[in-house]
Q: 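Just passing along the structure, written as structure tokens.
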Amino acid sequence: MTLTAPELDELVAGDAAQHRVLTGDRPTGALHLGHYFGTLANRVRLQRAGVDVFVLVADYQVLTDRDVAERLEDHVLGLVADYLAAGIDPATATIFTHTAVPSLNQLLLPFLSLMSVSELSRNPTVKDEIQHSRQEAVSGLMFTYPVHQAADILFCKADLVPVGRDQAPHLEVTRTVARRFNERYGPVFPLPEMLLSDAPLLLGTDGQKMSKSRGNAISLSTPPDEVARLVKRAKTDADRHIAYAPETRPEVSNLVLLAALAQGRKPEEVAADIGGGGAAELKRVVTESVNEFLRPIRAARAAFIADPAQLKAVLAAGNARANEIAETTLTEVKSAMGMNYLH
């Protein structure tokens, strides 16, 4: 099931505290605007509404498409700084890492027994990751990636998962794992609902999927001059009149959408303002809008990244809570499966 924004508002308005959200990212580089408008903004919104929010730094999953996890500590701390700068509050949210929560990862074993090889191999998100992998041959971890994400979501029994549209197939795997476990061993897990951002999929400056690894993304820490450079080289088309028409003019519409999201307006309004100004005016508006939007986030991130001890303290507190919950869930899973021999 996919919840719209009004449905979500109605759901959490009743009793926000009874809901739990799990989201996360791989620490492979700075988060970008696609992350922010696709899911980060929703995380902050849910937290402020009183929902229990868990945010995972998926450090093990760095190895899905890399031989080694280079500069991992820098990327992990940078990711935590991005979260805090975007508005995630560690006083109420739980920010944690895979490698610090062994009981979570142990759930991968029983969960894998609930999925077939063919189901894993035809996952469209996995296919896309394989296509863009930097490895000559992908590891088995790539195929287990969606089931590992199921363990991420189900260890804390999250019932709400904010995702981008490209991540929807992964949540379906999670729902399948939860349903099959409950049918085979007894009711243990909720079936999490998918929360899609109101924002359509934001493309990179080359017109392809925005990605840290493809060099087409504007990160939350990108300085103003670099934003201008990235926007300047973005693809447009030959029609001087600017309009928001995603189906027929995807590159122009993507830039219009980016400016609109940064301004908190509708893309049709931004396009109407630019009118016949052409690509040059469009790119000027996008550059100014994005830089103004990022200004307070950049400043906050710079302050956080300058204090690594604070970032590590945030992780330590989050890891402690995640461990406690994961151990409880694993005990419950073993009991349901008849594997608690010594208890």
Side-chain angles (χ1 to χ4, degrees), residues 1 19-26 52-65 69 94-127 129-130 138-163 167-194 318-343:
M1 178 180 177
H19 298 290
R20 180 170 285 174
V21 163
L22 185 287
T23 65
D25 304 276
R26 293 191 300 167
D52 191 11
V53 176
F54 281 67
V55 185
L56 167 65
V57 178
D59 46 358
Y60 270 142
Q61 289 175 358
V62 171
L63 299 175
T64 53
D65 61 352
T94 302
I95 303 174
F96 67 102
T97 60
H98 265 153
T99 49
V101 190
S103 293
L104 180 161
N105 298 294
Q106 195 170 336
L107 290 173
L108 179 61
L109 297 177
F111 286 179
L112 278 173
S113 73
L114 301 169
M115 298 294 296
S116 70
V117 172
S118 62
E119 286 175 319
L120 296 178
S121 63
R122 65 173 178 257
N123 184 290
T125 311
V126 170
K127 287 182 177 179
E129 291 287 348
I130 290 174
V138 297
S139 70
L141 186 59
M142 179 67 79
F143 288 95
T144 63
Y145 183 26
V147 184
H148 201 182
Q149 286 195 329
D152 299 337
I153 295 166
L154 297 176
F155 96 94
C156 64
K157 299 186 179 180
D159 63 323
L160 301 173
V161 184
V163 295
Q167 291 291 309
H170 282 345
L171 188 60
E172 286 306 313
V173 170
T174 299
R175 289 173 59 87
T176 297
V177 167
R179 184 174 61 253
R180 290 177 182 174
F181 187 96
N182 293 343
E183 290 171 351
R184 185 174 299 182
Y185 301 111
V188 173
F189 297 109
L191 297 185
E193 307 291 356
M194 178 168 59
N319 288 339
R321 185 179 184 218
N323 263 300
E324 181 179 349
I325 292 171
E327 289 168 7
T328 299
T329 300
L330 182 60
T331 298
E332 190 175 355
V333 165
K334 287 180 178 180
S335 179
M337 297 176 71
M339 291 183 172
N340 262 352
Y341 312 125
L342 301 180
H343 298 277

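In this text the structure is predicted, and so the values were computed from the model without any measurement. Note that the numbering runs from 1 along the sequence shown for the chain.
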Q: Carefully, step by step, assess Ser116 and Glu119 under the rule side-chain hydrogen bond (donor to acceptor under 3.5 Å, both in side chains).
A: CA-CA 5 Å; Ser116 70; Glu119 286 175 319; 3.2 Å; yes
Q: Once the angle between the rings of His98 and His148 is folded into 0 to 90°, is it parallel (under 30°), tilted (30 to 60°) or perpendicular (over 60°)?
A: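 Parallel.
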Q: For the backbone of Pro192 and the side chain of Arg175, can you confirm whether one donor and one acceptor N or O come within less than 3.5 Å of each other?
A: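 Yes; at least one donor-acceptor contact below 3.5 Å.
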Q: Heavy atoms only: give me the nearest Pro190-Ala178 pair and the separation to one decimal.
A: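 For Pro190 versus Ala178, the nearest heavy atoms are O-CB, 3.7 Å.
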Q: So do Asp25 and Val57 actually touch side chain to side chain, heavy atoms under 4.5 Å?
A: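 No. Closest side-chain heavy atoms not under 4.5 Å.
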Q: Side chain of Ser335, backbone of Thr331: donor and acceptor closer than 3.5 Å?
A: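 Side chain of Ser335 to backbone of Thr331, a donor-acceptor pair under 3.5 Å: no, none is there.
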Q: List the atom of Gln61, the atom of Gln149, and the distance in Å for their closest heavy-atom pair.
A: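 Between these two residues, the closest heavy atoms are NE2-CG, 3.7 Å.
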Q: Given Thr94 and Val55, is the side-chain contact (heavy atoms from CB on, under 4.5 Å) satisfied, shown in steps?
A: CA-CA 6 Å; Thr94 302; Val55 185; over 6 Å; no
Q: Using 4.0 Å as the upper bound for N to carboxylate O, is an ion pair formed by Glu172 and Arg179?
A: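 Salt bridge between Arg179 and Glu172, a charged N being under 4.0 Å from a carboxylate O: no.
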Q: Check whether any side-chain heavy atom of Val177 sits under 4.5 Å from a side-chain heavy atom of Met115, and report yes or no.
A: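 Yes; the side chains approach each other to less than 4.5 Å.
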Q: Using modelled atom types and a 3.5 Å cut-off, is there a donor and acceptor pairing between side-chain atoms of Thr329 and backbone atoms of Phe155?
A: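 Indeed, once roles are kept as given, a pair shorter than 3.5 Å links the two residues.
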Q: Do Ile153 and Phe54 pass the side-chain contact (heavy atoms from CB on, under 4.5 Å) test, and can you show the C-alpha distance, the side-chain angles, and the key distance before you say yes or no?
A: CA-CA 9 Å; Ile153 295 166; Phe54 281 67; over 6 Å; no
Q: Could you measure the distance from the OG1 atom of Thr23 to the CD1 atom of Ile95? Nearest 0.5 Å is fine.
A: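 So the OG1 of Thr23 and the CD1 of Ile95 are separated by 9.5 Å.
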Q: Taking the side chain as everything from C-beta on, heavy atoms only, tell me whether Leu107 gets closer than 4.5 Å to Leu154.
A: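 Counting from C-beta outward, Leu107 and Leu154 never come under 4.5 Å.
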Q: Nearest 0.5 angstrom please: Arg26 CZ to Tyr145 OH, how far?
A: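 With rounding to 0.5 Å, CZ (Arg26) is 4.5 Å from OH (Tyr145).
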Q: Closest heavy-atom contact between Pro162 and Val21?
A: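 Here Pro162 and Val21 meet closest at CD-CG1, 3.4 Å.
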Q: Do the non-hydrogen side-chain atoms of Val161 and Met194 ever get within less than 4.5 Å of each other?
A: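 Side chain of Val161 against side chain of Met194, heavy atoms only: no contact under 4.5 Å found.
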Q: Just wondering, do Asn323 and Pro102 contact through their side chains at under 4.5 Å, heavy atoms?
A: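 Side chain of Pro102 against side chain of Asn323, heavy atoms only: contact under 4.5 Å found.
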Q: Testing Thr99, Thr97, Asp152 one by one against Leu104 for a side-chain contact (heavy atoms from CB on, under 4.5 Å), which residue passes?
A: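 With Leu104 as partner, Thr99, Thr97, Asp152 yield a single side-chain contact (heavy atoms from CB on, under 4.5 Å), made by Asp152.
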Q: Side-chain contact test, heavy atoms from C-beta onward, threshold under 4.5 Å: evaluate it for Val147 versus Leu120 and give yes or no.
A: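 The answer is yes; the side chains approach within 4.5 Å.
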Q: Can you confirm whether Lys157 sits close enough to Val188 that some side-chain heavy atom of one is under 4.5 Å from a side-chain heavy atom of the other?
A: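 Result yes, sub-4.5 Å side-chain heavy-atom pair found.
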Q: Output the distance between atom CZ (Phe111) and atom OG1 (Thr176), rounded to the nearest 0.5 Å.
A: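 If I round to the nearest 0.5 Å, the distance is 12.5 Å.
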Q: Would the distance check show the side chain of Asp159 and the main-chain N or O of Leu191 forming a donor-acceptor pair, the cut-off being under 3.5 Å?
A: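 It does not hold such a pair.
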Q: Answer yes or no: is there a donor N or O on one side and an acceptor on the other, between the side chain of Arg180 and the main chain of Leu114, under 3.5 Å?
A: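 Present.
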Q: Does a side-chain heavy-atom distance below 4.5 Å link Gln106 with Lys334?
A: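 Side chain of Gln106 against side chain of Lys334, heavy atoms only: contact under 4.5 Å found.
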